[in-house]
2 protein chains.
Amino acid sequence: MIRVLLAEDQGMIRGALASLLGLEPDIEVAGEAADGDEALAVAVKVRPDVALLDIEMPGADGLTACAKITERVPACRVMILTTFGRPGYLRTAMEAGAVAFLVKDSPARELAAAIRRVHAGERVIDPGLAAAALSAGPNPLSPRERDVLAAAADGSTIVDIAARLHLSEGTVRNYLSAAIQKTRARNRIEAVQRARTQGWL
Amino acid sequence: MIRVLLAEDQGMIRGALASLLGLEPDIEVAGEAADGDEALAVAVKVRPDVALLDIEMPGADGLTACAKITERVPACRVMILTTFGRPGYLRTAMEAGAVAFLVKDSPARELAAAIRRVHAGERVIDPGLAAAALSAGPNPLSPRERDVLAAAADGSTIVDIAARLHLSEGTVRNYLSAAIQKTRARNRIEAVQRARTQGWL
DNA sequence: CGTTGACCATGACATTTGTCAGATCACCCG
DNA sequence: CGGGTGATCTGACAAATGTCATGGTCAACG
């Protein structure tokens, strides 16, 4: 019996996935969590064989939870299940110790198959996505550039960002300009979008 | 037996929801679709009692499909199941003839209950969301303002938008300015975000 | 130890963006 | 019919944004 921890913030999806896994005779949902912090707590308590984590969750996201679970519960093998197959997500997931990376676009039957393969010691990664992650290269944004771009993502003005990060306005403009060029964008809006689709934010 | 059509683009979620509904003795998944156009075609063919439509789908979205199914298959009662409980979505869904509006955040067990209530002739709408939709009022953006804001949403520059919509640059700036004020935003980025969260785009 | 390169930080300048006042047109209502 | 209302469209001006040149710090490398 493979004991699985299921972390997904949308209740209806979590329940539906639990139902899907419940059909499998050799898989058991040993715990559920609605955010990253809860996922870690439940993983520590129930010691599952496999943790299936969504990335986009409130509070600690799935990638953060992945790193913590890998550290605190090394016997638990972590799989990422996400809506967005962004190259940067895959890269971060691998660095955080994940052994599988699935996208919700895939057919439903692949989920149980992937869990069995992971439990058997394999890694499961979509080949096309792996190629995209490798060809895209690592995140080119410096930490500060990433901070500033992330702060700009919600529509804040330069003055706001400068105040929030304790920088001069000129400095903020400079980082944004650098981010715009590194993302090959024409303005901050495009820069935010490119960075998002690459998983750099 | 309640015969349900399930339209959802993410294969794994579609399969999981089908599994969830398969647990119910009085509900049968009579058809599945991965986008709005397919949903209409399948609805015409299998004549389901209830259609459960996601909104965010490639091609024709769930709201468009809702209007067409309501027109072509009047016996089929349409339910919307979406990630985002945006007031404008709810309003549009009601105008398109939907009889239920569910968000994926809700607990999984509510899905089957909602389907039964809809099949019994009731409407199912989250009271809080209904209140939000009413208090937010209708979409304040004029058609042209909406066009321009939507064109600006992907980071296009004024010149691009002007060329795409065959307008002068000053006109585009003017519409954007109007949209910024109507959304109570400080710049186009905030305006796009506010409009999105309200379901106005 | 010097040099190279990356990152952090800033202000001056040019470009883009947002605001305003106004013109035209269609439509509704008294 | 005529006045009012709101949508569409435009150019001039003010404000915000993006670019550039520059300097400082620090770690890596020969």
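Chain naming here is simple, since letters A, B, ... match the order of the sequence lines and numbering starts at 1 in each.
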Any [X] side-chain N or O less than 4.0 Å from OP1/OP2 of [N]:
| X | N | value |
| --- | --- | --- |
| A:Thr171 | C:dT10 | yes |
| A:Thr157 | D:dA16 | no |
| B:Gln181 | C:dC20 | yes |
| B:Arg173 | C:dT19 | no |

Considering every strand and a 4.0 Å limit on heavy-atom distances, what is the contact class for [X]: base, sugar-phosphate, or nothing?
| X | answer |
| --- | --- |
| B:Arg144 | sugar-phosphate |
| A:Ser177 | base |
| B:Asn174 | base |

B:Thr82 side chain to B:Val103 backbone, donor-acceptor under 3.5 Å: no
Donor-acceptor contact below 3.5 Å, side chain A:Arg3 vs main chain A:Arg47: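 Here the side-chain-to-backbone pair exists.
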Starting from [atom2] on [N], measure out to [atom1] on [X] and report it in whole angstrom.
| X | N | atom1 | atom2 | result |
| --- | --- | --- | --- | --- |
| B:Ile158 | D:dT17 | CD1 | P | 14 Å |
| A:Ile189 | D:dG18 | CD1 | P | 8 Å |
| A:Ile180 | D:dT19 | CD1 | P | 5 Å |
| B:Asp160 | C:dT16 | CG | P | 11 Å |
| A:Leu176 | C:dT10 | CG | C1' | 15 Å |
| A:Leu149 | D:dT17 | CG | P | 14 Å |
| A:Ile161 | C:dC8 | CD1 | C1' | 17 Å |
| B:Leu167 | D:dT8 | CG | P | 10 Å |

Minimum-distance nucleotide to B:Pro143 side chain [options: D:dT8, D:dG11, C:dC7]: D:dT8
Given D:dT17, C:dG18, D:dG11, the nucleotide with the shortest approach to the side chain of B:Ser168: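 That would be D:dG11.
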Residue whose closest nucleotide on DNA chain D lies nearer the 5' end, B:Asn187 versus B:Val172: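 Nearest nucleotide further toward 5': that of B:Val172.
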Side-chain donor-acceptor contact under 3.5 Å, A:Arg164 with A:Ser156: yes
Test item: side-chain donor near acceptor, B:Asp61 and B:Thr64, under 3.5 Å: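 Short answer, yes.
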Step-by-step side-chain contact (heavy atoms from CB on, under 4.5 Å) determination, A:Val118 to A:Arg123: CA-CA 6 Å; A:Val118 162; A:Arg123 289 171 172 261; over 6 Å; no
